[in-house]
Structure formats: structure tokens, C-alpha cells
2 protein chains.
Amino acid sequence: MKDVAARAGVGLKTVSRVVNGEPGVTPETERRVQEAIDALGFRRNDSARVLRKGRTASIGLVLEDLADPFYGPLSRAVEEVARAHGALLINGSSAEDPERERELVLALCARRVDGLIVIPAGDDHRYLEPEIGAGMAAVFVDRPAGRIDADVVLSDSYGGARAGVAHLIAYGHRRIGFVGDHPRIHTATERLRGYRAAMAEAGLPVADSWVSLGSTDPERVTGAATAMLSGPEPVTALFAGNNRVTVTAVRVLAGLPRPVALVGFDDFELADLLRPGVTVVAQDAAALGRVAADRLFHRLTGATPRPARTELPTRLIPRGSGEIPPGA
Amino acid sequence: MKDVAARAGVGLKTVSRVVNGEPGVTPETERRVQEAIDALGFRRNDSARVLRKGRTASIGLVLEDLADPFYGPLSRAVEEVARAHGALLINGSSAEDPERERELVLALCARRVDGLIVIPAGDDHRYLEPEIGAGMAAVFVDRPAGRIDADVVLSDSYGGARAGVAHLIAYGHRRIGFVGDHPRIHTATERLRGYRAAMAEAGLPVADSWVSLGSTDPERVTGAATAMLSGPEPVTALFAGNNRVTVTAVRVLAGLPRPVALVGFDDFELADLLRPGVTVVAQDAAALGRVAADRLFHRLTGATPRPARTELPTRLIPRGSGEIPPGA
DNA sequence: CTGAAAGCGCTTACAG
DNA sequence: CTGAAAGCGCTTACAG
């Protein structure tokens with residue numbers, strides 16, 4: 001900028017005015033400055049600008065895995081809101097590791113992102129207290145923050161799972177298996193709670209062997225589902241706790257001689273083209289991202305509402321797999 | 001930092017040493033400084049650090065759409081390489097709009113990211129010349145840069161499409177349709193070139209009505225595929241130019257009374273569970289990202305190889321849909 | 001309409 | 001082992 005000023009024969013502040021389109025510069029001066037800018041290939045260094053202004057015009061998004069199809073639309077929705085506010089998105093994957101989540105979040109704080117959207121891997125976020133105290137805005141998505149009071153935007157996991165299991169019960173099932181994600185993950189336990197509620201409301205018992213929480217690794221899920229489907233009193237229907245479990249469950253059921261009912265949490269592409277089509281409890285990933293980002297930018301404009309919990313509804317989409325009666 | 005120094009009764013530089021783990025500080029001094037840091041909730045402001053050091057420890061990734069399942073694994077792979085080098089990832093979607101791509105890229109340059117990975121939407125990147133001249137490193141992925149000489153990492157679209165179409169020909173097809181992305185997109189024209197090569201090598205003519213390039217919008221693709229499949233001399237097989245076209249083609253074919261062969265470019269989840277399984281020419285999205293990021297960081301360590309073009313091989317995966325003979 | 005001085009919060013290059 | 005001064009490249013708050 002100094003070089004530009006020298007070449008155009010003006011002061012630093014005038015260059016700054018031209019670069020930022022501020023008023024109060026003669027057309028002739030502006031022309032000279034612009035010429036110098038072009039000749040020197042000058043581009044404003046935003047690092048310096050950020051240091052002076054205090055705002056980085058960027059927000060951080062920490063999620064589990066950018067490669068998971070659930071997070072793509074969510075990220076994109078956050079990005080669109082950020083873009084509408086002139087902010088860039090810094091993205092990071094925690095790989096479901098609380099320590100990695102913490103490192104990422106603190107690195108983003110050190111960069112002074114204007115705000116943070118976090119899909120938490122860990123269940124203790126007290127490490128964020130000093131940051132929030134220092135003015136950092138943070139919104140949690142998909143799972144609540146642990147041990148701190150913060151905004152959170154969730155899908156109605158409990159209600160969705162309950163409706164999905166009730167759907168299977170309505171089709172005559174009495175022995176229904178539940179295969180879900182690791183019990184450390186909030187959505188997994190909420191969905192299990194929904195399953196138990198639906199069973200209890202129908203007066204049905206739940207055998208321990210019908211419930212399996214753990215890694216969504218295909219081998220683990222295959223083993224768990226296969227165990228429930230064998231033995232003297234196999235389950236006649238399966239409720240899958242998330243998209244990855246559902247996909248593996250579809251593979252397991254495809255290899256079975258008899259049809260078994262299946263309802264999965266999370267919709268996925270082509271679910272309608274499988275035979276049978278896969279009945280799912282759909283959640284709106286893009287809406288989760290959009291609502292969370294809106295909340296964040298609301299805070300960034302100076303509003304300081306008390307931290308709130310927002311639950312987005314889910315939607316049951318019958319496609320065939322969830323309407324198979326027991327013993328079909 | 002000034003406050004920390006004052007509270008600990010030391011100089012600024014000593015605080016800096018402790019914060020950065022530099023040697024040459026008495027344990028006792030370090031303890032005092034650490035205490036002040038904790039008491040004040042101090043966190044180093046990386047904006048200032050960046051300004052002084054000249055490196056932001058971040059790279060930019062501009063792609064078409066974060067929500068597209070093809071880009072998720074690619075982004076994640078880039079992120080992992082960046083992480084290994086201590087860098088964060090700033091992500092942006094061009095939405096296939098050249099002007100938006102340009103805005104994003106220039107915004108990232110203004111932030112002085114250390115390097116750039118770009119999946120180009122436009123075909124003229126001369127706007128990057130001043131930046132590259134000023135030392136910005138850029139690697140293009142999936143499609144080459146337009147009108148500038150730059151590193152590029154691609155899948156072998158030509159060879160993959162040619163192999164896919166040859167596969168259909170080997171199963172007896174003579175009239176094969178090609179539905180692809182917009183002709184402005186490099187991969188679309190390369191895959192079309194592969195299609196034409198395979199047809200020519202088999203001595204087969206290509207009717208104009210068998211080829212349709214354009215938007216991957218489901219309506220457009222449905223119309224194009226339907227037209228090729230009707231009339232007095234309908235095609236007996238379809239080659240789909242990318243993942244989104246393939247998905248729509250599967251839907252179209254599912255509604256047809258007779259079986260029609262299909263080979264798609266890009267693999268997708270559950271392709272093996274559809275009936276018939278979908279035969280695809282698979283490319284490795286994660287490898288594209290990994291190789292591009294490796295190249296970028298190689299440049300960032302000071303190496304200045306001449307810009308090179310790297311082509312990653314594709315792999316034909318027969319699953320059933322591509323092995324349906326004509327008139328089956 | 002224009003510009004000189006101070007300062008954002010660090011690191012660098014020295015000096016003690 | 002420790003620290004004072006200068007500077008990274010901008011913007012802010014003034015003054016003319």
C-alpha cells in the first residue's frame with residue numbers, strides 16, 4: 001500500500017479510501033491510485049485489516065466428517081448464510097475425537113473467527129468458557145454442548161425414533177431390534193429413548209438382546225443385526241439409528257431369505273429406488289445448518305438472547321421396507 | 001499479551017517465548033507467565049502472528065458444491081493433508097458460477113492463504129496471474145485451469161469413458177446414448193471424447209440424437225434420456241457422464257418396461273444394492289484431493305517444479321446394469 | 001478532499 | 001536467561 005501511495009503520489013489514507021470504495025476522493029485522484037494499484041498488482045492484505053478491525057469476517061464450522069453425506073448439505077447451508085453476511089467458512093473434521101474437536105475449536109478461536117458452529121464430538125465443553133466469556137459466539141448443532149450453557153439446534157431424535165418404531169408396531173411387529181451409534185453420542189441415546197417409549201406405550205417388553213449401541217463400522221453393525229435376527233426368537237423388524245447403520249442394515253437384510261422390516265433414521269439418496277424402498281425418519285440437514293448459522297449471525301449483530309434449544313421436526317417417509325408385516 | 005507481561009512482571013518477548021514453547025526461560029519465570037496467562041484467559045491472537053510471520057497456516061479450497069457427495073471425500077482428503085502440515089482449510093462453493101469462483105479465489109488471496117486448491121467453474125483463470133506472480137501457489141483439481149499454466153490433478157475421464165462404452169459394445173450394443181454435463185465443463189467433453197473414440201474404434205456411427213450435453217438437472221436429464229429411448233431406433237444402452245446423471249438415469253430406466261443397459265461415470269453408495277447393480281467407471285475422489293494437496297504443500301516448502309498435469313486412473317466396476325445385452 | 005500519526009497484537013533482530 | 005525497539009500492513013481518529 002505504501003508503494004501504491006508513493007507511485008500515485010498520495011497519502012496512505014487515500015489509497016485506503018480507494019481500495020475500500022470510501023467517498024471523498026476526486027475522480028482524478030482515484031484514477032491515479034487505481035492505475036498504481038493495477039501496475040503494482042496490489043491486493044489489500046486482509047490479515048492487517050483484520051488485526052485492526054477486530055473482525056475476521058469468517059466463521060468456523062467443526063463437524064465430524066466432511067465426507068459424511070449428512071454433513072455436506074449442512075456445511076453448504078452454513079456457507080450460504082455466511083456468504084450472505086460476507087463471511088468465509090473455515091471447516092474442520094473432528095473425526096469423532098473429543099481431543100481433536102477441542103484442538104480445532106481452540107485453533108479457530110486463536111484465529112479470532114467471528115463465531116463458531118460446532119457439531120460436538122465430546123461431552124465437556126467447559127474449555128470454551130474463557131472464549132465465550134471473551135465474547136466468542138458459539139452455536140452447537142445436532143448434539144447439545146456438554147456442561148456449558150449454549151445455543152443448540154437439534155433434530156427431534158426422540159420424537160422421530162418414537163414415531164418410526166410406532167410405525168413398525170402399527171404393522172404388527174412385537175419384537176423390534178434397535179441398532180444405533182455409540183452411547184456417548186447424544187442422538188444415539190435420544191433415539192434409543194424414543195424406541196423404548198414407543199415400545200412401552202404399546203405395552204411391549206424390550207429384551208436386552210434387541211438393543212445394540214456402538215460403532216457404526218459396518219462389521220460391528222453387521223454382527224449386531226445378524227445376532228438379533230437369529231436365535232429362537234429373532235426380531236421381525238429393525239430400527240436403524242442413523243444413515244450409516246441403515247445402509248449396512250440394508251445390506252444385511254438383502255442377504256436374508258425372508259423379508260424383515262426396516263425403518264432408518266436419516267434419509268439418503270436412492271432410498272426410494274431400492275427394492276423394497278427404505279422407509280425412513282428424515283431430518284433436514286440443510287435446515288439444521290441454516291437455523292444454526294442464522295442464530296450465530298443474529299448474535300454477531302449484537303443481540304444477546306439467552307442460549308436456547310431449538311428442535312427441528314422429523315418426517316416419516318414410508319417406502320415399503322417399514323410396511324412389511326412380521327412373518328411375511 | 002501486554003497484560004500478561006505486566007501481571008507476570010516480565011517483558012513481552014518472554015511471554016511470547018512461553019506461549020510458543022521456545023527455549024530459554026527459567027522454569028520459575030515460565031510458571032509465573034503461565035499463571036498470568038491462565039488468570040487472564042489469554043489466547044494468542046493469530047491475526048497478529050500471521051501479519052508478522054507472513055504465513056497464515058491455512059489453505060483455501062474452492063469447489064463446486066460442498067453438498068455434492070463427490071466433493072465430500074475430496075475435501076476431507078485435502079483437510080487431512082492440511083492438518084498434517086498444521087494448516088486449516090477454508091472452504092467455498094462456486095455453485096458452478098465462474099464469477100463466484102473468481103470472487104472466492106480473490107477473497108482467499110486477500111486473506112493470504114498459503115495456497116489454493118481450485119475445482120474451477122470458469123475457463124479463464126488469467127485473473128490469477130498477478131497472484132501467482134506474487135507467490136501464491138495454486139493447484140487445480142478435476143478440471144484444468146483455463147488460459148494459464150498451472151498444476152492440475154485429474155481423473156482419466158477420456159480413458160474411463162472409453163473403457164465404459166467399449167464395455168457396452170462388448171456386450172453387443174450398437175446404439176448407445178451419451179448423457180453428460182454442460183459442454184463448458186472439461187470432464188464432460190473429455191468423457192464425450194472417450195465415448196466417440198470407443199464408438200469409432202468399433203466402427204460404429206454416432207447419431208446426433210444419441211448425444212446430449214447440458215445441465216445435470218433431473219428434468220433435463222430425464223427428457224434427454226427419454227428422447228433417446230423412444231422413436232423408431234431407440235438406443236439400447238446409456239452412458240451417463242457423471243454421478244448425478246447416473247442417478248437420474250437409474251430412475252428413468254426403473255420406469256421402463258424393458259431392461260436397458262447403463263454404465264455411469266463415478267461410483268456412488270449403494271450402487272451395488274440396486275437391482276440390477278449399477279456398473280460404473282469409478283474415480284477416486286479422495287485420491288484427487290490427496291494428490292492435489294500433496295502437490296500444493298510440496299510447493300509451499302519452497303520447491304518450484306514446473307506446472308504438471310497428473311491423471312489418476314479410473315476403474316470399471318461391473319455390477320449388472322452394464323452387462324445387459326441389447327433387446328434383453 | 002487529503003494526509004500524518006498512532007495503534008491493532010504479535011515476532012524479529014538485537015543487545016545485554 | 002531476558003527485554004526494548006522496530007515493524008508486519010492496514011484502519012482509526014484527527015487535523016488541515
Side-chain angles (χ1 to χ4, degrees), chain A residues 1-37 40-58 86 106-114 131 134-136, chain B residues 1-37 40-58 86 106-114 131 134-136:
Chain A
M1 202 156 118
K2 212 160 53 180
D3 297 342
V4 172
R7 183 176 177 118
V10 300
L12 272 179
K13 178 60 205 173
T14 298
V15 178
S16 177
R17 284 194 181 93
V18 172
V19 169
N20 296 305
E22 288 167 26
V25 183
T26 338
E28 159 58 14
T29 311
E30 177 165 356
R31 198 192 50 71
R32 277 214 325 278
V33 172
Q34 195 57 57
E35 208 169 70
I37 288 175
L40 268 37
F42 168 79
R43 191 89 60 190
R44 183 181 67 198
N45 182 334
D46 278 356
S47 301
R49 173 166 232 253
V50 153
L51 179 59
R52 194 60 237 243
K53 299 211 97 155
R55 283 234 162 167
T56 55
S58 60
L106 291 181
L108 291 166
C109 288
R111 302 234 168 176
R112 300 292 193 272
V113 292
D114 295 334
E131 314 293 339
M136 177 64 64
Chain B
M1 201 156 117
K2 212 160 54 181
D3 297 342
V4 172
R7 183 176 177 118
V10 300
L12 271 180
K13 178 62 204 170
T14 299
V15 178
S16 177
R17 283 194 182 92
V18 172
V19 170
N20 297 305
E22 288 168 28
V25 182
T26 337
E28 158 59 14
T29 310
E30 178 165 356
R31 197 193 50 70
R32 277 215 323 278
V33 172
Q34 196 58 57
E35 208 168 70
I37 287 175
L40 268 39
F42 169 79
R43 190 88 59 191
R44 183 181 68 199
N45 181 334
D46 278 355
S47 300
R49 172 166 233 252
V50 153
L51 179 59
R52 193 60 236 244
K53 298 212 96 154
R55 283 234 163 166
T56 54
S58 60
L106 291 181
L108 291 165
C109 289
R111 304 234 169 176
R112 300 292 192 271
V113 291
D114 295 335
E131 314 293 338
M136 177 63 66

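Chain letters run A, B, ... following the sequence lines, proteins first, then strands; residues in each count from 1. Remember, predicted model here, so these are calculated numbers, not experimental data.
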dT2(D) phosphate, OP1 or OP2: any side-chain N/O from Thr14(B) under 4.0 angstrom?
no

Please report the C-alpha distance between Ser16(A) and Met1(A) in whole Å, then the side-chain angles of each, then the deciding distance to 0.1 Å, and finally whether the side-chain contact (heavy atoms from CB on, under 4.5 Å) criterion is met.
CA-CA 8 Å; Ser16(A) 177; Met1(A) 202 156 118; 3.8 Å; yes

Rounded to the nearest Å, what distance is computed from the CG atom of residue Leu51(A) to the P atom of nucleotide dC10(C)?
9 Å

Look at the side chain of Val25(A) and decide which nucleotide, out of dC8(D), dT2(C), dT11(D), has an atom nearest to it.
dT2(C)

Check every atom of dG7(D), dT2(D), dA6(C) against the side chain of Arg52(A) and return the nucleotide holding the closest atom.
dA6(C)

Atom CD of Glu30(B) to atom C1' of dT2(D): distance rounded to whole Å?
14 Å

Base, sugar-phosphate, or nothing for Lys53(A), non-hydrogen atoms under 4.0 angstrom?
sugar-phosphate

Any donor-acceptor pair under 3.5 Å from Arg7(A) side chain to Arg32(A) backbone:
no

Take the protein atom CG of Leu12(B) and the nucleotide atom P of dA13(C), then report the distance between them rounded to whole Å.
17 Å

Please compare Lys2(A) and Glu22(A) by the position of their nearest nucleotide in DNA chain D and report the one closer to 5'.
Lys2(A)

Side chain of Ala48(B) only, heavy atoms from C-beta on: which candidate in dG9(C), dT11(D), dT2(C) is closest?
dG9(C)

What is the distance from CG of Leu40(B) to P of dG9(C), rounded to the nearest Å?
13 Å

Kindly point out which of dA13(C), dC8(C), dC10(C) is positioned nearest to the side chain of Lys13(B)?
dA13(C)

Without decimals, in angstroms, what is the distance between Arg44(A) CZ and dG9(D) P?
15 Å

Across all strands shown, which nucleotide pairs with dA4(C) by Watson-Crick or G-U wobble geometry, both distances under 3.5 Å?
none

Working note: Lys2(B) + Val15(B), criterion side-chain contact (heavy atoms from CB on, under 4.5 Å); need CA distance, chi angles, decisive distance, verdict.
CA-CA 9 Å; Lys2(B) 212 160 54 181; Val15(B) 178; over 6 Å; no

Side chains of Arg111(B) and Ser58(A) in contact at under 4.5 Å (non-hydrogen atoms)
yes

So what does Arg17(A) touch, heavy atoms closer than 4.0 Å: a base, only the sugar-phosphate, or nothing?
base

Determine which nucleotide pairs with dA13(C), using a 3.5 Å limit on both distances of a Watson-Crick or G-U wobble pair.
none

Separation of dT11(D) atom P from Arg55(A) atom CZ, nearest Å, is 17 Å

Rounding to a whole Å, what distance do you find between Asp46(A):CG and dC8(D):P?
18 Å

Which part of the nucleic acid, if any, lies within reach of Asn20(B) when heavy atoms closer than 4.0 Å are counted: base, sugar-phosphate only, or nothing?
sugar-phosphate

Inspect the contact between Arg112(B) and Glu131(B) and indicate whether a charged nitrogen and a carboxylate oxygen are less than 4.0 angstrom apart.
no

Closest of dC10(D), dT11(D), dC1(D) to the Thr26(B) side chain is dC1(D)

Any side-chain donor-acceptor pair under 3.5 Å between Arg44(B) and Asn20(B)?
yes

Nearest to the side chain of Val10(B) - dT2(C), dA6(D), dG3(D)?
dG3(D)

Base, sugar-phosphate alone, or nothing: which one does Ser47(B) contact when heavy atoms must sit under 4.0 Å apart?
nothing

Can you tell me how far C1' of dC8(C) sits from CG of Asp3(B), to the nearest Å?
14 Å

Quick one: is dT11(D) close enough that its OP1 or OP2 comes under 4.0 Å of any side-chain N or O from Arg49(A)?
yes

